[in-house]
Amino acid sequence: MMTPTTAPLVGGADATRTALAWTHTARFLTTASRLDQLPAHELPEIAFVGRSNAGKSTAINTLAQQRQLAYASKTPGRTQHINLFEVGPKDAPQAYWADLPGYGYAAVAKAAKVRWQEVMADYLRVRRNLSCVVQMVDSRHGFTDLDRQLLNFVAPRLANGEVRLLVLLTKADKLNRKEAADSLRKAQAVLAELSTDESDIRITLFSALKRQGVGDVAEILHEWVAQPVLDAAAAAAAAPAIAEPPAGIPPHDPAA
């Protein structure tokens with residue numbers, strides 16, 4: 001069993017600038033109330049999830065360096081759609097961000113809660129394009145029962161490495177150093193229960209207000225999107241070339 005990795009895992013100032021320039025390209029694409037309304041495509045999707053008051057929209061806007069990319073409702077929990085954003089060049093997007101509805105807000109009707117729990121569970125369990133989950137957890141409170149329940153939906157795909165997980169302990173600016181270390185330790189203990197030799201699970205303290213962890217998160221997401229492309233290119237380059245016979249000489253037939 002692997003221990004969840006604590007960010008930062010940074011590649012220097014140039015890597016941070018490149019990653020932040022990439023996240024800055026995020027732009028709204030479409031909104032959907034059901035999974036079958038989401039567009040079919042072959043690009044990786046990074047899903048942002050979290051309780052309604054965990055600072056999810058603020059974190060997305062901070063990563064994108066845009067004030068109103070992700071809509072933050074004045075009444076938490078009222079947004080009942082999956083919002084999809086393109087990331088990368090406009091003529092050749094490289095990934096999508098999926099902003100899933102916040103969960104756990106008491107003012108939302110029970111029927112709506114149940115319906116959205118089912119939609120989110122299905123998305124996390126079966127959405128083919130899902131490659132990464134970014135879960136926002138309030139650093140002051142740690143993983144709630146609802147946070148753990150959401151993790152359970154995606155746990156099988158985390159275990160085999162099909163989906164990666166990055167947990168942001170949000171609102172870290174409200175903690176002193178001892179409290180922050182304690183919050184991180186407790187969260188790591190929860191994630192250790194999900195970790196396997198194949199999983200890629202990371203965690204970091206995050207503050208949109210103080211911009212703590214912003215560059216590190218951008219680097220991780222950029223790395224996760226870029227790595228499969230780099231791996232495929234490396235595999236193609238390493239594949240042995242099939243020699244063509246010289247012109248005019250027929251290929252050898254072993255049965256002859």
Side-chain angles (χ1 to χ4, degrees), residues 1-9 45-60 62-63 76-77 98-106 113 116-118 120-127 130-208 210 212-214 216-217 219-221 223-224:
M1 182 172 292
M2 302 290 286
T3 302
T5 303
T6 305
L9 290 177
E45 286 181 4
I46 300 172
F48 291 81
V49 300
R51 288 180 62 91
S52 298
N53 57 353
K56 178 167 59 66
S57 297
T58 302
I60 292 173
T62 302
L63 282 170
D99 181 13
L100 273 60
Y103 52 87
Y105 193 67
K113 287 182 183 179
W116 268 107
Q117 183 183 50
E118 292 174 350
M120 292 176 68
D122 287 344
Y123 178 92
L124 294 171
R125 286 172 177 158
V126 305
R127 180 68 172 170
L130 179 63
S131 64
C132 316
V133 172
V134 181
Q135 184 177 23
M136 258 65 67
V137 174
D138 192 320
S139 62
R140 300 168 297 176
H141 309 304
F143 284 94
T144 65
D145 289 341
L146 284 174
D147 292 322
R148 290 171 180 257
Q149 185 176 344
L150 185 137
L151 282 176
N152 288 336
F153 292 147
V154 76
R157 303 179 76 181
L158 295 178
N160 64 18
E162 179 184 353
V163 172
R164 295 172 163 120
L165 173 67
L166 173 59
V167 173
L168 309 188
L169 296 177
T170 61
K171 306 181 182 181
D173 56 280
K174 299 181 182 296
L175 304 180
N176 61 36
R177 183 174 298 181
K178 182 178 181 301
E179 291 169 337
D182 189 50
S183 176
L184 189 60
R185 178 181 55 79
K186 290 179 179 178
Q188 284 179 312
V190 172
L191 296 176
E193 299 172 6
L194 301 173
S195 186
T196 67
D197 290 341
E198 289 76 32
S199 63
D200 189 346
I201 299 176
R202 308 192 197 184
I203 183 172
T204 187
L205 292 161
F206 186 90
S207 169
K210 301 292 186 180
Q212 178 183 358
V214 174
D216 299 328
V217 172
E219 279 194 54
I220 291 170
L221 298 184
E223 169 200 331
W224 279 350

One should read off an interatomic distance between Lys171 NZ and Asn53 CG, to the nearest 0.5 angstrom, of 5.5 Å
Judged by atom type as modelled, is there a donor-acceptor pair below 3.5 Å linking the side chain of Thr170 to the main-chain atoms of Met136?
no
Does the pair Glu223/Arg202 count as a salt bridge with the N-to-O cut at 4.0 Å?
yes
What are the two closest non-hydrogen atoms of Leu130 and Ala47, and how far apart are they?
CD1-CB, 3.7 Å
Going from OG1 on Thr144 to CG on Asp138, what distance comes out if it is rounded to the nearest 0.5 angstrom?
9.5 Å
Asn176, CG: over 12 other non-hydrogen atoms inside 6.0 angstrom
yes
Check whether Ser199 reaches the backbone of Ile201 with its side chain - one donor and one acceptor, N or O, closer than 3.5 Å.
no
Val134 vs Leu168 side-chain heavy atoms within contact, under 4.5 Å:
yes
Would you indicate whether the side-chain heavy atoms of Leu150 and Met120 approach each other to under 4.5 Å?
yes
Under the salt bridge (charged side-chain N to carboxylate O under 4.0 Å, His left out) test, residues paired with Lys174 that sit two or more places apart:
none
Rounded to the nearest 0.5 Å, how far does CG of Asp200 lie from CG of Leu166?
9.5 Å
Hits for side-chain contact (heavy atoms from CB on, under 4.5 Å) against Arg125, two or more places apart or cross-chain, chain-then-number order -> Ala121, Phe153
Using side-chain heavy atoms (C-beta onward) and a distance below 4.5 Å, is Arg140 in contact with Leu175?
yes
Taking the side chain as every heavy atom from C-beta outward, state whether Leu184 and Leu169 have any atom pair closer than 4.5 Å.
yes
I'd like to know if the side chain of Ser183 reaches the main chain of Glu179, judged simply by a donor and an acceptor atom lying under 3.5 Å from each other, with no hydrogens or angles considered.
no
Charged N to carboxylate O below 4.0 Å: is that the case for Lys186 and Asp182?
yes
Is there side-chain contact between Asp145 and Asp147, with heavy atoms separated by less than 4.5 Å?
no
Nearest atoms (heavy-atom pairs only) where Gly102 meets Ser52
C-OG, 3.4 Å
Not counting sequence neighbours, list each pair that qualifies as a side chain to side chain donor-acceptor pair (under 3.5 Å) and has a residue in residues 148-158.
Arg157-Glu162
Flag side-chain contact, heavy atom, 4.5 Å: Phe206 against Asp216
no
Any Lys/Arg nitrogen of Lys56 or Asp99 sitting under 4.0 Å from an Asp/Glu carboxylate oxygen of the other?
yes
Inter-residue atom distance Leu194.CG - Leu165.CG, 0.5 Å rounding:
7.5 Å
Any side-chain heavy-atom pair of Phe143 and Leu191 under 4.5 Å:
yes
Give a yes-or-no answer on whether the side chains of Tyr123 and Glu45 include a donor-acceptor pair shorter than 3.5 Å.
yes
To the closest 0.5 Å, what do you measure between CG (Leu63) and CG (Leu221)?
6.5 Å
